[in-house]
Amino acid sequence: MAARNIADFIHFPAAHRGHRASLPPDESLVLITQTLATPAEFMLHHFIHTALLNARSVVFISFMNNYHHHASSLRKWGLDLTTHKQNGTFTFIDGFSDILLPPPSNTTPKPGADPRLYFPDPRTGGGGGGISSFAPPITTALKGMNDDPVLIIEGLETVSALGLGDANEVLDLVTFLQKFCSTTLLSLPIDPPLLRPLLPPTTTTPPPPLERAHALLLTSLAARAFRIINVEPLSTGRAKDVTGVLRMVRGGASYIGEEGEGKGEEEGRGEWLFMWVLGGMGSGSYTAGLRCRMSSAWHGIGVPVLIRNRGRCGGYSSLRRSARRTCTHEPKAAGTENGKC
Amino acid sequence: MSFQRRRAPIQVSTTALPSTPSSKLVTSRPNLPSGVRPSALNGTLTTSTGCPSLDAVLNGLGGLPLGSSLLVLESGTTDFSGSLARNFAAEGVLQGHGVCSVGVGEGWVGELPGEVGADTREKKEMKERMQIAWRYNNLGEFGTGIKERERVRTTTAEDGVAAVEEVYCHSYDLTKRLSVPPSAVGNITHTAPSTTPKTNPYTPIIAHIAKLLSSPTPTLHRVVIPNLLNPTRYPPNAARSEWLLRFFHSLRVLLRTYPSRLVVLLTLPLDLYPRSTGLIRYIEHYVDAVLELAPFPKPLPTSPANPDVPQGLVRVHKAPAQGAGGVGVGGDGGDLAFRVTRKNFYIEAFSLPVMVEEEKSEEQKARKKDIDF
């Protein structure tokens, strides 16, 4: 089993039937899930790398790290982000450093600085807009790109966890931003403690609002996603040469209008074992630092721990309604439904 | 995999080539603050946690990378993580780093373990190192499988006159008290959460750390937060998810904004806040490395064959990212166990002790006699 790069495995169906694309199609959302033991930052970096290499423009919003952290990581992928920023093909929006502060009084930003998101607290008065005030700087950045940009968001769950807004407000923000970009990629953690509201209740106390908000966010985005990429540790324990499992499955939105599609949707599903090779001297370029090995079989595994969308729904909004309904009122057993809706 | 060619930096004399701004001519070791060394794995700057076997466990980096935070969770009523925190703070004091203790009172710093010189066993080890075949050097001590990098490095100054001994990680003795060198007294500070009701209790902590970072010396600050959310020190509203997560968010902002100036160690007792809650999982996502200590409920039986019995298990749930978005916990799949002695906090590979047949006790022998009339 030869070791190959992520780009060899992660494919999406292209506009022309029978072809493969390395980036998701237009007007789609891809959800990347991660756990504590297997962070999925490398997947985000992979998509940034792929997009910039294919001459697409990228807007990257991070709520968990600042620019310096990502720039030093992406340098090892061979990307020089400063030149891309100058060419106007890459914008980094810092939603991390000053997110807890109100917007500064002098609103003239320094030239060449990354746009930062501030949070005008609606509770303190003064007409603060809450999360909806994140939209203008992001949309100006999206509109300022040369063509339809790829929007990549890291750490979206922290916006509701920090108490900046409701999960529904966060989802509305994402819906709004999707209008201005061609495709959206998000990363969310799905550790088991965060999925407790989706399981049958074991105690009489309801789960805390933090977990409920996270579960709502997760199920709604999974139902809206075209593809879901799971980065998980091995379910059977730890191994010396395997870091985890990389799995790509169809998300809820890929089932819309399926009656006519048939075979076209088969592209881009599979499960692979991956190993993160700790970079050492002589290991070559950093993209080779992640080696995927094909597992012995292609699995058509459904969404692994989440609910399935409840029915063949015609539209996007009804999918979301069904997801929300299932999440808050009827916690279903997770992981058992597979295939059939 | 083992025969990787190491590309050493090419040493060029400064007079040969005209200096260009893009090339770096490495003629001398860059000036690092004391107690910081580049990792053997990928060169990220790391500093010692005060416990050499913990340094070895941290995903092979040999220390805690600068600009990262380590959360130590402990289940049960014991306080093994406290000894880790004390070692961490003592290491900072002896290396001249700024040490800030949070939420433990002023007297905590006075109870840090004292330093002892390197014991003779290590000196003998260094002499014997040459006699072992080179390929076994990576295995570390027999049975542990964890390699501890050498902790003492002697360098000679440029003019070759003085031999300066740089110690990366000191040895401590828990029964002794640390005598703080006078130069380091000014580096030790303390802060506490505020108890005013209805306000965020963590704002004074963040403000204090930010103030420490605003002055250029000392270059490296260590923040130790033992027993976070301890009910005796922290107000009841400190566990509100909003404020606790904002605290961790602000801590992460400080760590990312000053990546080479801050390291943080936190300990949290798990009995009140178990790992199965979403709040603790969110905290673990915010922190860079997570270690869990699970002491055994009953002590394992000791026998003359193995007198050093582990006292609990160690689980590494999240390893510090190797400076470039590294992934995964690594490890060889075996369990790790810890053992706290007067001298040190040892983390070793764990295997169940050998079953030894128990001898019949005196009572059972006497009873047997009574049954036989």
Side-chain angles (χ1 to χ4, degrees), chain A residues 34 36-42 44-45 63-66 68-70 72-77 96-100 155 157-158 161-163 189 191-197 207-211 214-215 231 233 237-240 242-244 274-276 278-283 286 289-290, chain B residues 1 3-8 40-44 59-61 67 200 206 240-246 248-250 252-257 259 274-288 290 316-319 321-335:
Chain A
Q34 58 179 5
L36 186 71
T38 53
E41 215 176 86
F42 67 92
L44 295 176
H45 290 168
F63 293 101
M64 285 289 273
N65 288 301
N66 61 357
H68 174 81
H69 174 94
H70 286 294
S72 55
S73 311
L74 282 169
R75 199 171 302 133
K76 300 210 180 174
W77 287 73
F96 166 71
S97 310
D98 293 332
I99 194 95
L100 295 177
E157 74 278 1
T158 59
L162 291 173
D191 301 278
L194 297 171
L195 298 179
R196 273 199 317 180
L210 179 75
E211 297 179 13
H214 188 94
V231 182
R238 282 184 304 179
K240 214 184 309 188
V242 176
T243 312
F274 76 96
M275 177 183 60
W276 185 260
L278 298 179
M281 307 221 208
S283 64
Y286 206 59
L290 175 65
Chain B
M1 203 50 131
F3 296 107
Q4 286 181 11
R5 190 161 60 112
R6 295 174 78 90
R7 285 191 226 114
L41 195 62
N42 57 358
T44 48
N59 217 1
L61 284 173
N200 190 342
I206 298 292
R240 272 183 59 171
S241 65
E242 204 177 286
W243 285 341
L244 187 61
L245 289 179
R246 286 192 187 203
F248 276 94
H249 186 271
S250 312
R252 194 179 163 108
V253 171
L254 284 173
L255 283 166
R256 294 278 183 267
T257 320
R275 283 196 78 231
S276 55
T277 55
L279 178 61
I280 301 298
R281 194 49 66 102
Y282 258 104
I283 291 176
E284 291 176 359
H285 275 289
Y286 266 114
V287 164
D288 295 308
V290 177
V316 180
H317 291 293
K318 187 172 178 185
Q322 287 91 46
V327 147
V329 174
D332 52 357
D335 285 328

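Below, chains carry the letters A, B, ... as their sequence lines are ordered, and counting in each starts from 1. Since this is a predicted model, take the numbers as computed values, not measurements.
Between atom OG1 of residue A:T158 and atom CZ of residue B:F248 there is a gap of 14.5 Å, rounded to the nearest 0.5 Å. Rounding to the nearest 0.5 Å gives a distance of 11.5 Å between CG of A:L194 and CD1 of B:I280.
Shown here for B:R256 and A:H69, the closest heavy-atom pair between the two residues is NE-ND1, 3.7 Å. The minimum heavy-atom distance between B:H285 and A:P189, with the atom names listed, is NE2-CB, 3.4 Å. In this structure, A:L36 and B:R275 approach most closely via the heavy-atom pair CD2-NH2, 3.7 Å. Summarising the geometry of B:Y282 relative to A:L210, their closest heavy-atom pair is CD1-CD2, 3.8 Å, with the distance given to 0.1 Å. B:S276 approaches A:P193 most closely through the heavy-atom pair O-CB, 3.3 Å.
Looking only at side-chain heavy atoms (C-beta outward), A:D191 and B:E284 stay at 4.5 Å or farther from each other.
Judged by distance alone, the side chain of A:E211 and the main-chain N or O of B:G278 form a donor-acceptor pair under 3.5 Å. A donor-acceptor pair is defined here as one N or O able to donate and one able to accept, closer than 3.5 Å; such a pair exists between the side chain of B:R252 and the backbone of A:M64.
Between chain B and the residues A:H70, A:H68, A:E157, the largest count of heavy-atom pairs under 4.5 Å involves A:E157.
A:L100 touches chain B through its side chain: at least one heavy atom from C-beta onward sits under 4.5 Å away, while N, CA, C and O do not. Heavy-atom distances place the side chain of B:P259, and not its backbone, under 4.5 Å from chain A.
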